[in-house]
Amino acid sequence: MENDDRQIRAFLQERKQKIKDDGFTSRTLRHLPNVEYVPLTHRKWFMVLMAVLAATLLVVLYLHYAKSLVEGISLSCLPLVAKEYLFVVGKNILRLISSVNLPVLVGLILSVHFFIGREIYLRLKD
Amino acid sequence: MEKLSDIALIARVTMLGDRRGFDRLVLKYQSQVRRFFINLTHGDAGLSDDLSQETFIKAYLNLKSFKATASFSTWLLRIGYNVFYDYLRSLKPECDLEEAAQDFSSSALEREAENSLDLESALALLSQNERTCITLFYMEEQKIKDIASITGLKEGTIKSHLSRAKDKLSVYLKENGYGK
C-alpha cells in the first residue's frame, strides 16, 4: 500500500508541468476591471486616526515632561531637574524618531514651526 | 515566509491601491492555477487559460475578502474550483454535475488519444471528484483540510475519494508496466 502511494506520487510528480507564462499574466491584467482600491492614506478614517495618534503622543510627551519637572521641583534639586529634563527630552526625541512614521514627524515639526512663526509675526506686528 | 510575502502583496493592492502587487501574484500563481485546470479539463489548454483568467479576475475583485486563514494559493484554488463548477453548470444546467464532467471528459478523451499522454489517460479513469482530490493532493501538495476548504467536501469524503483514486491509479500503473 505504501509502495503504491510512493509510486503514484512519483508518477504524478514526474508529470507535473511547470507552465511558462507566455504572456498569460499581461493578457489577464489587460482584462482586469477598473476597481480602484482607495489607498489607505487617502481615507478619512485613516487621517483621523493619525491625528488622534499624534495628539495622544503630544499629550503623553507633555505629561512626561511635566511629571519630571514637578518631581524635580518638589525635591528642590535644580541640577537634577535639568539633567532629568534633558535626559527625558533626548530619550523621547529618539523614541519619537524611531517609532513615529516620517509624515507624522514632519507634520509635528511643521506645526511647531508654524506656531513659533505665528507668535513672532504677531509680536512684530504689535 | 511565503504567506507573509503574499499578504504584503495583497496589502499593496488593497491598502495602497498599487495594482503592480497583483501583477506579481498572477505571475507567481499562474502556473499552479493553469496546471490545476489542465488536469481538470483533460489537457484543454485554451479552456484552462480562459478559466484561469476568470479565476484571477474574481480573485482581484474579491481581494478584500481574503482573510489569510488559509494560504493565498488555497484561497485562489477555491475560487478556481467554483469557476470550474460554474462552467460545468453552464454546459448542462439541468443535469448532474458529475454527469456533465463525464461528458466533458469523454470529448477530451478523443483529443487525448492523439496526444497519447499517459497522465491524461490515467486521470481519465477517475471521476471528477477523485481527479480533483488526487491532483490537489499529489500535484499541488495541498493538505486534506485545505482540499476540504477548496472543494467544500468533508475530510472523510476526501479521504475516500483519494483511496478509490489510488486504487484505480495503482491498477493502471501496474497494467502499463510503470515503475518496473
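The structure displayed is predicted, hence computed values, not measured ones.
- Residue A:Leu57 is grouped with residue A:Leu53 when hydrophobic side chains (ILVMFWY) are merged at heavy-atom distances under 4.5 angstrom, including chains of intermediate members.
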Evaluate side chain to side chain contact (heavy atoms under 4.5 Å, CB included) for A:Leu29 paired with B:Phe22, printing each intermediate quantity in order.
CA-CA 9 Å; A:Leu29 295 172; B:Phe22 195 71; 4.2 Å; yes

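- A:Lys20 places none of its side-chain heavy atoms less than 4.5 Å from the side chain of B:Arg34.
- No chain of hydrophobic side-chain contacts below 4.5 Å, direct or via other Ile, Leu, Val, Met, Phe, Trp or Tyr residues, connects B:Leu25 to B:Leu27.
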Begin from the C-alpha positions of A:Phe24 and B:Val26 and carry the test side chain to side chain contact (heavy atoms under 4.5 Å, CB included) through to its verdict.
CA-CA 9 Å; A:Phe24 173 83; B:Val26 177; 4.3 Å; yes

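- Clustering ILVMFWY residues whenever any of their side-chain heavy atoms sit less than 4.5 angstrom apart, transitively, puts A:Met50 in the very cluster that holds A:Leu58.
- When all heavy atoms of A:Pro33 and B:Arg19 are compared, the closest pair comes out as O-NH1, 3.8 Å.
- Contact tally against chain A (heavy-atom pairs below 4.5 Å) for B:Leu169, B:Asp49, B:Ile38: the top residue is B:Asp49.
- Taking every heavy atom of both residues into account, A:Thr25 and B:Asp23 meet most closely at CG2-O, 3.8 Å.
- Scanning both residues, A:Lys18 and B:Arg35, for their nearest heavy atoms gives CA-NH1, 4.4 Å.
- With rounding to the nearest 0.5 angstrom, the CD atom of A:Gln7 is 13.0 Å from the NZ atom of B:Lys166.
- B:Ile57 places a side-chain heavy atom less than 4.5 Å from the side chain of A:His31.
- Atom CZ of B:Arg24 has 12 or fewer heavy atoms from other residues, nucleotides or ligands within 6.0 Å.
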Show, in sequence, the C-alpha distance, side-chain angles and deciding distance for B:Gln30 and A:Thr28, and conclude whether the side chain to side chain contact (heavy atoms under 4.5 Å, CB included) test is met.
CA-CA 10 Å; B:Gln30 61 85 22; A:Thr28 304; over 6 Å; no

Determine whether B:Tyr138 and A:Asp5 satisfy the following criterion, side chain to side chain contact (heavy atoms under 4.5 Å, CB included), listing intermediate values before the conclusion.
CA-CA 10 Å; B:Tyr138 285 112; A:Asp5 190 68; 2.4 Å; yes

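- The hydrophobic cluster containing B:Leu40 also contains B:Leu47, counting ILVMFWY residues as joined when their side-chain heavy atoms lie under 4.5 angstrom apart, directly or transitively.
- Heavy atoms closer than 4.5 Å to chain A are found in the side chain of B:Glu141, but not in its backbone.
- Although no hydrogens or angles enter the test, the distance criterion places no donor-acceptor pair under 3.5 Å between the side chain of A:Arg15 and the main chain of B:Glu120.
- For chain A, the nearby parts of B:Ser52 are the backbone and the side chain; heavy atoms of each come within less than 4.5 Å.
- Grouping the Ile, Leu, Val, Met, Phe, Trp and Tyr side chains by contacts below 4.5 angstrom, directly or via other members, places B:Leu119 apart from A:Ile19.
- By the 4.5 Å heavy-atom criterion applied to side chains, A:Asp4 and B:Lys174 are counted as neighbours.
- A:Leu12 CG to B:Leu123 CG: the interatomic distance, rounded to the nearest 0.5 Å, is 6.5 Å.
- Here the side chain of A:Arg27 pairs no donor or acceptor atom with the backbone of B:Gln53 at under 3.5 angstrom.
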